[in-house]
Amino acid sequence: NMKLFILDDDVNTFEHVIDVIQRYLNYPYTQALSIANIVHNAGQCVVKESDEELILYLLENMRGEGLNLKTES
């Protein structure tokens, strides 16, 4: 399995990060808000652990929305 992380940056607003999390990961608003806060305070947060195909799909599409991401095996 691979992990997908969202990394902190100085570009994206909380609202945008929350919106992208909700659209691509189907997490409820409260969970997306919690992730955005963790990213802001800790610098990164694991948002999904799954098979490589899904993680790479999410990486490409969420990067296309401007998010700063990384993967880890």
Side-chain angles (χ1 to χ4, degrees):
N1 270 8
M2 285 182 91
K3 293 178 183 175
L4 180 67
F5 295 79
I6 296 178
L7 308 176
D8 194 26
D9 62 42
D10 296 327
V11 181
N12 292 293
T13 63
F14 265 56
E15 292 75 18
H16 181 65
V17 173
I18 290 165
D19 176 57
V20 173
I21 291 168
Q22 288 186 281
R23 278 191 288 128
Y24 287 96
L25 301 172
N26 296 312
Y27 293 166
Y29 176 80
T30 50
Q31 187 175 0
L33 176 62
S34 175
I35 290 167
N37 278 307
I38 293 167
V39 169
H40 178 71
N41 293 314
Q44 66 180 26
C45 181
V46 178
V47 292
K48 187 81 175 170
E49 185 169 353
S50 189
D51 60 273
E52 183 175 354
E53 188 178 359
L54 177 60
I55 295 299
L56 293 178
Y57 167 82
L58 291 169
L59 177 71
E60 182 179 339
N61 285 279
M62 292 171 74
R63 250 192 197 144
E65 299 278 355
L67 265 56
N68 189 8
L69 305 163
K70 74 171 184 180
T71 59
E72 198 175 273
S73 296

How far apart are the C-alpha atoms of Leu59 and Met2, what are their side-chain angles, what is the distance that settles it, and do they pass the side chain to side chain contact (heavy atoms under 4.5 Å, CB included) test? CA-CA 11 Å; Leu59 177 71; Met2 285 182 91; over 6 Å; no
Which residue in the set Asn68, Leu69, Leu67 passes side chain to side chain contact (heavy atoms under 4.5 Å, CB included) when paired with Leu7?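 So, applying the side chain to side chain contact (heavy atoms under 4.5 Å, CB included) to Leu7 and each of Asn68, Leu69, Leu67, only Asn68 qualifies.
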Is the shortest heavy-atom distance from the side chain of [X] to the side chain of [Y] under 4.5 Å?
X	Y	value
Ile21	Ile6	yes
Val39	Val17	no
Leu54	Lys48	yes

Of all pairs that satisfy salt bridge (Lys or Arg N to Asp or Glu O under 4.0 Å), the ones with a partner from residues 26-44, not counting sequence neighbours: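 Checked against salt bridge (Lys or Arg N to Asp or Glu O under 4.0 Å) - neighbours excluded - no pair reaches residues 26-44.
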Shared hydrophobic cluster for Ile55 and Leu25 (ILVMFWY, side-chain gaps under 4.5 Å): yes
Could you state whether Leu56 and Val20 fall into the same hydrophobic cluster, counting links through intermediate Ile, Leu, Val, Met, Phe, Trp or Tyr residues with side-chain heavy atoms under 4.5 angstrom apart?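 Looking at the clustering, Val20 is in the same group as Leu56.
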With sequence neighbours excluded, residues passing side chain to side chain contact (heavy atoms under 4.5 Å, CB included) with Ile38: Ser34, Ala42, Cys45
The criterion is side chain to side chain donor-acceptor pair (under 3.5 Å); which residues satisfy it with Lys70, sequence neighbours excluded? Gln44
Pairs in or reaching into residues 49-63: which pass side chain to side chain donor-acceptor pair (under 3.5 Å), with residues at least two apart or in two chains?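 Qualifying pairs: none.
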Once side chain to side chain donor-acceptor pair (under 3.5 Å) is applied, what residue pairs with a partner in residues 4-28 remain, sequence neighbours excluded? Asp9-Asn12, Asp19-Arg23, Arg23-Glu65, Tyr24-Glu65
Between atom CG of Leu33 and atom CZ of Phe14, what is the distance when rounded to the nearest 0.5 Å?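 Separation between the atoms: 7.5 Å.
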Qualifying residues under ring pair (Phe, Tyr, Trp, His ring centres under 6.0 Å), relative to Tyr29, sequence neighbours excluded: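 Checked Tyr29 against ring pair (Phe, Tyr, Trp, His ring centres under 6.0 Å); zero matches.
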